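Naming: A, B, ... by sequence-line order, numbering from 1 per chain. In this text the structure is predicted, and so the values were computed from the model without any measurement.
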There are 2 protein chains.
Amino acid sequence: MNLQEAPKSCDINTRLESQGIYPTAQRVAVARFLFERYQHVTADEVYDQVRRSANVSKATIYNTLALFSRKGLIREIVADPARIFYDSNTTPHHHYFNIDTGTISDIEADVQPSLSPESLPAGTELHSVDVVVRLRNSRAAAHLQ
Amino acid sequence: MNLQEAPKSCDINTRLESQGIYPTAQRVAVARFLFERYQHVTADEVYDQVRRSANVSKATIYNTLALFSRKGLIREIVADPARIFYDSNTTPHHHYFNIDTGTISDIEADVQPSLSPESLPAGTELHSVDVVVRLRNSRAAAHLQ
DNA sequence: TGGTTAGTTTGGACTTAGTCTAAATATACC
DNA sequence: GGTATATTTAGACTAAGTCCAAACTAACCA
């Protein structure tokens, strides 16, 4: 592997290892990018950014994002019909999706659907509850189109 | 156009025209399929089904679904990261999405997030609120994988 | 009735997010 | 070091969805 040793961050390595994730250079590079701040990013954005500082392939980006997501380190946001966003903030919250700009942002106020778990369809268990509030840019002249 | 005249349904034509949609044979065929009962279907399923009784192209299926959705006759469901579902039931309700089977079903019980519209981000207006409850098939042995 | 125009449909090429695969590489463990 | 296991890789591939310019249809009117 021709990847220069990524500067070890104890936090990152510990965080990965605590989830049973072997901290390879590529995974650490992806994690460093994702966790440097809360953000909503697509696989492509992660690829473009992480590639600047580390050798990593597209397949590994997809593998790693799926792995992190499965392990609960990040969260998939299915809101844009054209792509998946990943959220490095895994605390419970919901999202705005602006259908004009294709951007995602956090909902600050509480929007907590109450769900009685015993009412789930037979043979299933709860995975997650996603609330997406779709927004449009407001138009001065609402009658257009 | 070599499409045999679709048997006119007064309901369907009225429904389309009431939304300012010109009831072409293709649109009527799509509408007849969609509205014969409440269902959650992908563009591909609509294409396969409608093609049995009418000559229609893939492009028209996509155009028509987008048009119906824009006009509020059907509703887009963004839940499966791989495809869009269309729901011919437009009354307010939310959805289960089974991530193991990729199927969508309606939530019967009320899951109504309370949302104060004045808290929306500046310059935006509400388009819709989507609640997707993700389910897994329950496993007898929950420790697997 | 035929001509003009506007709206709709079409096949097929194209785009693009994401997956797959088999080979190469890296790591762990004896 | 040698073997086994896990990870990464390039690049081919898939599939949902878009785009486009040509063909078709319908409406309107002289």
Without decimals, in angstroms, what is the distance between B:Tyr47 OH and D:dG17 C1'?
13 Å
Distances for protein N/O vs nucleotides 13-18 of chain C N/O pairs under 3.5 angstrom?
residue, atom, partner, partner atom, Å
C:dG18, OP1, A:Ile84, N, 2.9
C:dG18, OP2, A:Tyr62, OH, 3.2
C:dG18, N7, A:Lys58, NZ, 3.4
C:dG18, O6, A:Lys58, NZ, 2.9

Distance check needed: C:dT8 P versus B:Phe68 CZ, whole Å only.
12 Å
Using the test salt bridge (charged side-chain N to carboxylate O under 4.0 Å, His left out), find all partners of B:Asp100 that sit at least two apart in sequence or belong to another chain.
B:Arg139
So which nucleotide from C:dT10, D:dT8, C:dT8 ends up closest to the side chain of A:Asn63?
D:dT8
If I take atom NZ in residue B:Lys71 and atom P in nucleotide C:dT8, what distance separates them, rounded to the nearest angstrom?
10 Å
Spacing between B:Leu67 atom CG and C:dG7 atom C1', to the nearest angstrom
12 Å
Which whole-number value in Å describes the distance from A:Arg51 CZ to D:dT8 C1'?
15 Å
In whole angstroms, the gap separating C1' of D:dT18 from CG of A:Asp80 amounts to 15 Å
Do A:Asp87 and A:His93 get their side chains close enough for a donor-acceptor pair, meaning under 3.5 Å?
yes
Is any side-chain N of the basic residue among A:Asp48 and A:Lys58 closer than 4.0 Å to the acidic one's carboxylate O?
no
Between B:Thr24 and C:dT8, is there a contact of a side-chain N or O with OP1 or OP2 at under 4.0 Å?
no
Please evaluate residues B:Ile99 and B:Leu135 with respect to the criterion side-chain contact (heavy atoms from CB on, under 4.5 Å), reporting the C-alpha separation (whole Å), side-chain torsions for both, the decisive distance (0.1 Å), and the verdict.
CA-CA 6 Å; B:Ile99 59 182; B:Leu135 306 171; over 6 Å; no
Any donor-acceptor pair under 3.5 Å from A:Gln19 side chain to A:Thr14 backbone:
no
Grab the CG-P distance between B:Asp48 and D:dA16 for me, whole Å please.
10 Å
Quick check with a 6.0 Å cut-off and a 45 degree axis cone: is B:Arg70 positioned over the face of B:Phe68's six-membered ring?
no
From the options D:dA10, C:dT10, D:dT7, select the nucleotide whose nearest atom is closest to the side chain of B:Val56.
C:dT10
Without decimals, in angstroms, what is the distance between A:Tyr22 OH and C:dC29 C1'?
12 Å
Report the nucleotide, chosen from C:dT10, D:dT8, D:dT9, that has the shortest atom-to-atom distance to any side-chain atom of B:Ser57.
C:dT10
Kindly compute the distance separating CG (A:Leu120) from OG (B:Ser138), expressed to the nearest 0.5 Å.
9.5 Å
